[in-house]
Each structure stands twice: as C-alpha cells, then as structure tokens.
Amino acid sequence: MGIARLADVIKEEAAEAVNSFPLRQYRDRVIALDASIAIYQFRTAMPKLFNRNGENISHLQGLFYRTLHLLENGIKPVFVFDGRPPDLKQPLLARRAEAAGARRDAAESRRAENLPRPLKQDCETLLSYLGVPYVQAPAEAEATCAALVKSGKVWCTATEDMDALPFGSLRLIRHLSSKKNCEVEEISLPDILQKLGMTQEQFVDLYILLGCDYCGKIWRLGPKKALKLLQQHGTIEQVLQNIDPQKHPLPANWDLEGTRRLFLQPEVADPGRITLEWRDPDPEGLVRFLAHEKHMNESRVCQRLQRWQEAQSKPREAQPKQRVPREGRRQRKLGEFFPASKRARPPEVPGPRPSRKRQKLQVGTPGEAGSPDPGK
DNA sequence: TCTCTCACTCGAGACGTG
DNA sequence: CCACGTCC
DNA sequence: ACATCGAGTGAGAG
C-alpha cells in the first residue's frame, strides 16, 4: 500500500540509487524471490488455465516458464515461501477478508498459511524437479530474503514489493520477468540511505509514515512532508512534537514500537543453517509431473525443455570472448520423453508431434566458469 | 494557483505466429 | 519489431 | 474453490 509512495520518494529524492542493468549482468548471481507473491500473481492475474480434472494450474505453468527463463540466463534463483503473517498484519488481512465478502471462517482457517496447502506442495515439487532450492520463511518472506542478502548467501531480492528495503535487503531488483526488454531495475539500499542522509532506523520510520502494511498512517502526512520532517527531526517521536496534533491525528491502536521491531528485528530463517544447491533440471521428472500428473500440454512442456536445452549447449551468447572449454561440458543423452505408449493422448490433436528427432533431450552441466561481477 | 492527499479504476504472464 | 490469439 | 497489488487518474483540502 505504501509501496508506491516509497517508490516515488526514491525515484524523486534518491534517483542515484536506482540503476538499470541488462539481465545478462546477473549471470551466476543468486537471487531470492518471494514465491508466494509470484504464485499468487500467476493464479489471479491470468486467464485461468484448467487441466482436464478442472484443477487450476496457472501457477505451475507460470512458475515453470519463468524459472526456466531465469536459469537460461544463468541466474541462480532461490524461492522463499511466506510463513505465518505477523500479528500486526492481522487487522489488515481481516479488513481484506471482510472487503472480499462472504466467508470469515475460511479466512480464519487460512490465517496460519497464506497459500493453500496443495498449491504450495505442487510448487515445491516443481522446484525440486527444476533443481532450484526454496526456503520456508517463519514469517514474512521479504524479511527472510533480506536476511539472506545481508548474510551474503544471496546477491539481491527480486520483488515488486518495496518491503524488502525496510527489512534491510541491500539490493532490490524489479521487473525481473521475461519481457523482451530484459532490462532490470536495481535499487541500492546503501545508496538510498546515503542520499537521504538517513540511518536504516530512520528509513524504517519513513516507511512507517508512508503507510506500511503493519500499522495505520498519520492523516494528511504524505511522502513529501514525511521525508522533510524526518530528515529535520530524526525520529517519528520528534516529528510528532513538531506538527499540529489536531490536523494530524494518530491512527487508533498505533503500535509504533512493535512495527519498528518488526522491520528491524524480524523473525527470519537463519541463513547460517541454510544451504543452497542448484542441480540440473530433471526433464523426465518434469514431463512426468507436469504433463502426466498435472495434465499440462505435453508437447508444450517438451518444447520448452528443449529450448532450455539448446540454450544450455551454447552459452557463448553472453560472452563471445570467454569460451567455455568443450571438456567442461558433459553431455548426456536421455531417453525419449514420451513413453512409447501414446496412451494418454486423446486424438484431438492430429499432428502435434512434428519432429521426432528433436525429442531427444540432452542435459548439459551449466558452466561453472562465471563472468566477472556485475555493476558495483 | 499549486501542491499534496486520497479514493477509485484497471491491468496483470509467457508463448508462437503473422 | 509489435499486435494478437492461445495456453487447459 | 477464493480476491491481489501497484500504476495511473481526478476530486478536494490546505
């Protein structure tokens, strides 16, 4: 909610903290993604895709395509799942549920976990077959993403949500999708703090004044004034002593300390106890799971996997100079994806299998030879 | 008059083809 | 390169 | 087996 405001403030007052880089610069970088947000977007924002059992599989399709796109660009993604929402967020969730209407007991039972159980399990299964690690956050996913960045295990957080910044994610990238453009917007937290002349604590205060999800905001105190007053007085308490309480009433049940603590000492997964490993995607497993079990269009799955494979076998695209030694890449042929039996295939598609020869997929080991650091 | 805030609406992903 | 229709 | 979230407008207050 207050996210747009923060984006505006940053663009206007700390434009130097925002840079655009081509996606290629993130080759070999570990990037944390908020899984719940992505999945929810796939599920809601899209023409819903139903398989023959009437199950909505938009999230699988979306996650499959998007993750392969990242892998093709040499990115090492790690997905972070939301845990239990903090108590301070309950009023907001309740309001949303109420606005949504009808069912409050359903909302009640759903409070513990954001995503329906089977939905999440499907995604975890898919990620496992893709060889991509995922992390279960105890609370807000953004908080754990930030902790992973701070620990150095992860290079940056990829999200459209600005929450990661007050949580302390040093780098935040946006617009990470497979658009033609391939330009990624990177926001540097240290640069923001330096340009605004603020500490992280003051930045959190700013975020609170802008109207974060965890507590109400002060009436008639928008981005411009909030920034100016905070820079002038240092803390929200000091700001409050310098504005007219009549004109700027505080919201009810305003837990300022609790909200600050939520950002500054959030409940996160311990990065020290997390090991991130990436394996090659398992094409056979993917076809089995997506096409046979979940009834995604089989030829589409295979086509996409094949494209991924071809991209693997010629990594020269990114760096024409540095050639990956041929020995470094082990190539192995896999059996046919399609089991010899054409059973599950209803004859509705007359000629869906044009080139049989290309159905053989090869698994290549992604070159460990990395490119030098991206910007700064 | 201009700036700022707030309430509202709308679009949203990835692919292949032409 | 873009606009458009399909994905199940 | 349900409803998200931010960017972009327009009205109104200070």
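Order of the sequence lines sets the chain letters (A, B, ...), proteins ahead of strands, with each chain counted from 1. Fair warning: this is a prediction, and the values are worked out from it, not measured in the lab.
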> Taking OP1 and OP2 of D/dA7, is either one under 4.0 Å from a side-chain nitrogen or oxygen of A/R174?
Replying inline: yes
> From the list D/dC2, B/dT5, B/dG13, which nucleotide is the closest neighbour of the side chain of A/R43?
Replying inline: D/dC2
>> Just to be sure I understand the rule, does A/K228 reach a base, reach only the sugar-phosphate, or reach nothing, if contact means heavy atoms closer than 4.0 Å?
In response: nothing
> In terms of the nearest nucleotide of DNA chain B, which residue is placed more toward the 5' end: A/R304 or A/K225?
Replying inline: A/K225
> Looking at B/dG13, B/dC6, D/dC2, which one has an atom nearest to any side-chain atom of A/M46?
Replying inline: B/dG13
Between protein and nucleotides 8-12 of chain D, what N or O pairs are separated by less than 3.5 Å?
none

> Got more than 12 heavy atoms from elsewhere within 6.0 Å of CG, A/D87?
Replying inline: no
> Taking atom P in both B/dC10 and C/dT6, what distance in whole Å separates the two?
Replying inline: 25 Å
> Roughly how far apart are A/L229 CG and A/T235 OG1, rounded to 0.5 Å?
Replying inline: 11.5 Å
> Applying the side chain to side chain contact (heavy atoms under 4.5 Å, CB included) test to A/T157, which of A/I31, A/V149, A/L148, A/D34 qualifies?
Replying inline: A/V149
> Mind checking the C1' distance from D/dA1 to B/dA14? Whole angstroms is fine.
Replying inline: 25 Å
>> Any carboxylate oxygen within less than 4.0 angstrom of a Lys/Arg side-chain nitrogen, looking at A/K48 and A/E55?
In response: no
> Counting any heavy atom closer than 4.0 Å, what does A/S177 reach on the DNA or RNA strands: base, sugar-phosphate only, or nothing?
Replying inline: sugar-phosphate
>> Which nucleotide wins on minimum distance to the side chain of A/A4, given the candidates D/dA7, B/dA14, C/dC7?
In response: D/dA7
>> Regarding A/R84 and A/E267, does a basic nitrogen lie under 4.0 Å from an acidic carboxylate oxygen?
In response: no
> Hey, is A/E257 close enough to A/R260 for a salt bridge, meaning N to O under 4.0 Å?
Replying inline: yes
>> From CG of A/L305 over to C1' of B/dC15, roughly how many Å is that when rounded to an integer?
In response: 14 Å
>> Taking 4.0 Å as the cut-off, does a side-chain nitrogen or oxygen of A/R307 come that near to OP1 or OP2 on B/dC15?
In response: yes
>> How many whole angstroms separate atom NE2 of A/H59 from atom C1' of B/dA14?
In response: 16 Å
> Tell me: CD of A/Q41 to P of D/dC2, nearest whole Å?
Replying inline: 21 Å
> Taking everything shown except A/E277 itself, do over 12 heavy atoms lie less than 6.0 Å from its CD?
Replying inline: no
> In whole Å, what separates the P atom of B/dG13 from that of D/dG6?
Replying inline: 14 Å
> Which part of the nucleic acid does A/H69 contact within heavy-atom distance under 4.0 Å: base, sugar-phosphate only, or nothing?
Replying inline: nothing
> Between D/dT4, D/dG6, D/dC2, which nucleotide gets closest to the side-chain atoms of A/T44?
Replying inline: D/dT4
> From the list B/dA7, D/dT4, B/dC15, which nucleotide is the closest neighbour of the side chain of A/W219?
Replying inline: B/dA7
>> What's the gap between B/dT9 and C/dC7 when it is taken at their C1' atoms, as a whole Å value?
In response: 28 Å
>> Below the 4.0 Å mark, does D/dA13 have OP1 or OP2 next to a side-chain nitrogen or oxygen of A/K247?
In response: no
> Between D/dG6, B/dT5, C/dC7, which one does the side chain of A/R300 approach most closely?
Replying inline: C/dC7
> When we call it a touch if two heavy atoms are under 4.0 Å apart, what does A/Y65 touch: a base, just sugar-phosphate, or nothing?
Replying inline: sugar-phosphate
>> So, taking the atom named CE in A/M198 and the one named CG in A/L230, what distance separates them when rounded to the nearest 0.5 Å?
In response: 4.5 Å
> For A/L60 and B/dG13, what is the distance between atoms CG and P respectively, to the nearest whole Å?
Replying inline: 18 Å
> Can A/D28 and A/K76 be counted as an ion pair, charged N to O under 4.0 angstrom?
Replying inline: no
>> Let me check I have this right: for DNA chain B, each base becomes ., (, ), [, ] or |, based on Watson-Crick or G-U pairs with both distances under 3.5 Å. What is the full string?
In response: .|||||||||||||||||
> Relative to the 5' end of DNA chain B, which residue comes earlier, A/E12 or A/P47, by the nucleotide with the nearest heavy atom?
Replying inline: A/E12
> When the distance from CZ of A/R52 to C1' of C/dC7 is rounded to whole Å, what number comes out?
Replying inline: 15 Å
>> Rounding to an integer number of Å, can you tell me how far A/N53 CG sits from D/dA1 P?
In response: 17 Å
> To the nearest 0.5 Å, what is the distance between CD (A/Q25) and OG (A/S20)?
Replying inline: 11.0 Å
> Side chain of A/Y40: nearest nucleotide among B/dC4, B/dC15, D/dC2?
Replying inline: D/dC2
>> Among B/dT5, B/dA14, C/dC7, which nucleotide has an atom closest to any side-chain atom of A/P223?
In response: B/dT5
>> Nearest whole Å is fine: how far is D/dC2 C1' from A/E55 CD?
In response: 16 Å
>> In this structure, how many angstroms lie between the P atom of B/dG13 and the CD1 atom of A/I37, rounded?
In response: 14 Å
>> Measuring only the C1' atom in each nucleotide, how far is B/dT1 from D/dA11? A whole number of Å is fine.
In response: 16 Å
> Please walk me through it: do A/R174 and A/E186 pass salt bridge (Lys or Arg N to Asp or Glu O under 4.0 Å)?
Replying inline: CA-CA 7 Å; A/R174 307 171 80 197; A/E186 178 171 319; over 6 Å; no
> Looking at CZ of A/F81 and NZ of A/K120, how far apart are the two atoms once the value is rounded to the nearest 0.5 Å?
Replying inline: 6.5 Å
